[in-house]
Amino acid sequence: MNRYMQRIRMRALGAVFISLWLVLNLWAEPHAIRLNSLGYYPSAAKVATVAVGDAIEYSIVNVEDGETVFHGNLTPLGAEHPELSVADFTELVTEGNYQLRVGDHASGAFRIASDVYTDAFRTVVRAMYLWRCGTAVEGEHNGEVFQHAACHLEDGYMDYVTGKHEYRYSLGGWHDAGDYNKYVSNAGITVFSMLRAWEEFQEQVETVELNLPEKGGPIPELLAEVKWELDWVLTMQEPDGRVLHKLSTLRFGPFINPEDEKEPRYFTPWGSTSTANFVGMMAMAARIYEPYDARFAERCLVAALKSYDYLVQHPDYVPANMEGFHTGPYESPDADDRLWAAAELWVTTGQASILADVESRIRADAMQFDTDFDWGNLRNLGLIAYVFAERDGRNPELVEALQQDLIAAADRIVQTAQAHPYSRPLGDRYYWGCNGTVARQLHVLQSAMRVQAKAEYEHVSLDAIHHLFGRNVHGRSYVTGLGFRPPQHPHDRRIAEDGVDAPWPGYLVGGANPTAQDWLDEIGSYRTNEIAINWNGALIYALAAVLR
């Protein structure tokens, strides 16, 4: 009898295992209908890419009552992509919740609504709050509570800077990525993206309630979140203006809650790249925070000028010495970082000598906008600051030349998107963190819009959002907690012991690498499924740009 019961139990367990295996593998399979699973604005283009054999028709069904509200014929993409067709339902403008169906295949539910990206923007910004270091955090999403206790309260030690085991206060900031370390150079492009979102789209952004701890205070919520990082970055400045490069453990830590990571964290020596990033961030902050916290703005300006003066007196590139460290280097030559630093500081101060520095650097090395950039190449940041500065004194011929190159760069992005089966503005370039670049291309497109308001720039800006939320080879959202079949197993140390099945919400994963098919929703796949502040910062800017 006991053996009989054991066999029954074993068979039952085997059936459960097989069922679980099937569910997991079906979840991993690419979905046949590939569209923006968040949805669309009523007046915007609405296009899905479909991989359903020889099907020729599709329909749109209202998920509330099951009624078909729209139908049409699929358009094959041609010989280069014989397996793919396109469903264009732009003419459907009635707000509601819908599903696209082709034969037996059905998409996830999506919305047509005037506020379709508001909750996504809120969630992605709140993800930065949930990344805060040095404090307890707590947030709710889809009925789940995500929280951790105050962490890394001993940041940090100066052994690798002074040779002595002495403490230096450096609490706060954001955990950088799937690890808990903190890096000045990656903070630079992240802070830029979030502060540019405020500078360019304040009217849309400030209407979204983020429900951060600072809600109702003197500083708008988005700026309060960025200030959490800036307060930490300020602790990295040396008295003479040099800026320490990073604060981290010697090696990447285990998958445990942040408050349980007790390994000592050390500063690395300064570097000219991190120092230039510091100047760019503080110069932006000095002008943006002045209406809300004049004392903080003044502190940022004083700090920026001190570090800029040090860079002027020491023009050579000095890489940070990271001997003994095996965490993220975030190190690159500093010409682009120095350009951004000078440009932001001139925009804030108007000093003629700084303008001369900016224009000299542009003529020497920065006459072209890039369509593909990240923390290792900040040239676009400096050019955007210079081209759109509301100050007199710039060389008009230089401004005109840069504006024309900006238009040319945006046009290249448009052409790439229009030629791609998923309208992906980065085309078929796939690499570590490429999803962040897709979002970051909106810096170029939206900047070009300010020079020449082409409808194509706005369309392709939305195409980038569509790609990240499901119009891609996998037919899935790339942002945790949002959209259809979002990532469940990002490379994020918090998820191992947080007691919640769902991943922490609002994080853009890095994406496919090295081909479109090579994305693994696995916690160990840091090359494709890690999260990082620079990618989220880019998505915050992108979503701010398309808010209505």
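In this text the structure is predicted, and so the values were computed from the model without any measurement.
- Using cut-offs of 30° and 60° on the angle between ring planes, the pair Tyr330 and Trp375 is perpendicular.
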### Task
Give the intermediate values and the outcome of ring pair (Phe, Tyr, Trp, His ring centres under 6.0 Å) for residues Trp228 and Tyr129.
CA-CA 9 Å; Trp228 186 269; Tyr129 156 69; 8.6 Å; no

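- In the model, Arg34 has a side-chain atom that pairs as donor or acceptor with a side-chain atom of Tyr422 under 3.5 Å.
- How far CG of Leu301 is from CG of Leu345: 7.0 Å, rounded to the nearest 0.5 Å.
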### Task
Determine, step by step, whether Tyr478 and Trp519 satisfy the ring pair (Phe, Tyr, Trp, His ring centres under 6.0 Å) criterion, reporting the C-alpha distance in whole Å, the side-chain angles of both residues, the deciding distance to 0.1 Å, and the verdict.
CA-CA 10 Å; Tyr478 287 132; Trp519 172 52; 5.0 Å; yes

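- By the 6.0 Å contact criterion, CZ on Arg122 is enclosed, its count of non-hydrogen atoms from other residues, nucleotides or ligands being greater than 12.
- Counting only N and O atoms by type, the side chains of Arg471 and Thr49 include a donor and acceptor under 3.5 Å apart.
- Taking CZ of Arg196 as the start and CD1 of Ile189 as the end, the distance is 13.0 Å to the nearest 0.5 Å.
- The CD1 atom of Ile531 sits 3.5 Å away from atom CG of Asp492, with the distance rounded to the nearest 0.5 Å.
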### Query
Given the rule in the side chain to side chain contact (heavy atoms under 4.5 Å, CB included) test, do Ser423 and Val47 qualify, once you have shown the distances and angles that lead to the verdict?
CA-CA 9 Å; Ser423 298; Val47 181; 6.0 Å; no

#### Entry: Audit row: Tyr507, Trp535, ring pair (Phe, Tyr, Trp, His ring centres under 6.0 Å) steps and yes/no
CA-CA 8 Å; Tyr507 296 100; Trp535 308 336; over 10 Å; no

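- In this structure, CZ in Arg126 is found 8.5 Å from CD in Glu221, a value given to the nearest 0.5 Å.
- For the pair Lys454 and Asp411, the salt-bridge criterion is met [side-chain N within less than 4.0 Å of a carboxylate O].
- When the options Arg440, Arg429, Arg412 are evaluated for a salt bridge (charged side-chain N to carboxylate O under 4.0 Å, His left out) with Asp372, the one that passes is Arg429.
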#### Entry: Intermediate values then yes/no, ring pair (Phe, Tyr, Trp, His ring centres under 6.0 Å), Phe89 and Tyr40
CA-CA 11 Å; Phe89 49 103; Tyr40 305 85; 5.6 Å; yes

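- Between the side chain of Asp370 and the backbone N or O of Phe373, no donor-acceptor pair lies under 3.5 Å.
- If you look at His443 and Tyr541, their ring centroids are closer than 6.0 Å.
- The aromatic rings of Tyr386 and Trp346 sit tilted, their planes meeting at an angle between 30° and 60°.
- Between atom OG1 of residue Thr273 and atom CG of residue Asp337 there is a gap of 5.0 Å, rounded to the nearest 0.5 Å.
- In summary, the side chains of Trp131 and Glu229 do not present any donor paired with an acceptor at a separation below 3.5 Å, with no hydrogens or angles considered.
- Using the six-membered ring where Trp is involved, Trp340 and Phe192 have ring planes that are perpendicular, over 60° apart on the 30 and 60° scheme.
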